[in-house]
Amino acid sequence: VDSSSYSSIKADKILSSGRSYLNYSYEKASSCDGFVRKAYANVTSLGSTAAGIALSTSNRCVNYNDIKPGDLFFTSRTDSSGKCTRCASSSHGNRCDRWNCILHVGIVESVSSNGIVKVLDNINKGVSIRSFEYNLAPNAQGNPWLIMVTRPYA
């Protein structure tokens, strides 16, 4: 989707709802996908898992140069060899079917001109805002890599 699909009104609703969970414990805010579904509830309904949300919104992908607040940010984790941890033991191999590799979803909070995306998400420490670089790549530490960004309400 392009920038004409962006709605600051809808994004503000999503972010306001999401921010209301800041500092909630992981359990109280649900999993990452449960948190995202709660934040999006007043705008649109979403799938039940991070991979399900990605699959149901895959026709609404956003180019990296058009990421906006309120968009969904999907990542995966890789092992020390750079393979997706979910698929490493399967026949899919490195950067396999991205729907199977999605392990996490968050909501874009802000985007800076130097390629840093702040994401509102729920990890095991609870709901917080974290910074990511646009082009995340697998490395020896198993850092996450960006799979895609979508705009579900587009």
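Quick note: numbers below take in every heavy atom, side chains included, and nothing from hydrogens, waters or symmetry partners. Just so you know, these numbers come straight off a predicted model, no measurement behind them. Position 1 is the first residue of the sequence, and the numbers go up from there.
Residues that satisfy the side-chain contact (heavy atoms from CB on, under 4.5 Å) test with Ser56, not counting sequence neighbours, are absent from this structure. Listed by chain and residue number, Tyr6 satisfy the side-chain contact (heavy atoms from CB on, under 4.5 Å) test with Ser8 (two or more places apart in sequence, or in another chain). Partners of Thr150 under the side-chain contact (heavy atoms from CB on, under 4.5 Å) rule, at least two apart in sequence or in another chain, are Thr57, Cys61, Leu72, Phe74, Met148, Pro152. In this structure, the side-chain contact (heavy atoms from CB on, under 4.5 Å) partners of Ser7, at least two apart in sequence or on a different chain, are Ile9, Lys10, Tyr153.
The environment of NZ in Lys118 is sparse: at most 12 heavy-atom neighbours from other residues, nucleotides or ligands sit within 6.0 Å.
Annotation for Ala11 and Pro69: closest pair CB-O, 3.4 Å, computed over non-hydrogen atoms. For Gly47 against Ile53, the heavy-atom pair with the smallest separation is O-CG1, 3.4 Å. Scanning all heavy atoms of the two residues, the minimum distance from Ile14 to Gly70 falls at CD1-O, 4.3 Å. Heavy-atom minimum distance, Val149 versus Phe73: CG2-CD1, 3.9 Å. Here the shortest heavy-atom pairing between Ile116 and Ser131 reads CG2-CB, 3.8 Å. Nearest heavy-atom pair across Ile102 and Ala54 is CD1-CB, 3.0 Å.
Put simply, Ile129 and Val127 are part of the same group of oily side chains (I, L, V, M, F, W, Y) that touch within less than 4.5 Å, one to the next. Taken together through direct or relayed side-chain contacts under 4.5 Å among Ile, Leu, Val, Met, Phe, Trp and Tyr, Leu15 and Leu22 form part of one hydrophobic cluster. Note on Val43: it clusters hydrophobically with Val105, by side-chain heavy-atom contacts below 4.5 Å among ILVMFWY residues.
Residues Cys32 and Asp121 fail the side-chain proximity criterion, which asks for heavy atoms closer than 4.5 Å.
Applying the side chain to side chain donor-acceptor pair (under 3.5 Å) test to residues at least two apart or on different chains, the pairs with a partner in residues 38-49 are Ser30-Lys38. Residue pairs satisfying the side chain to side chain donor-acceptor pair (under 3.5 Å) criterion with at least one member in residues 11-24, sequence neighbours excluded, are listed as follows: Arg19-Glu109.
Using modelled atom types, no side-chain atom of Asp66 and backbone atom of Asn63 make a donor-acceptor pair closer than 3.5 Å.
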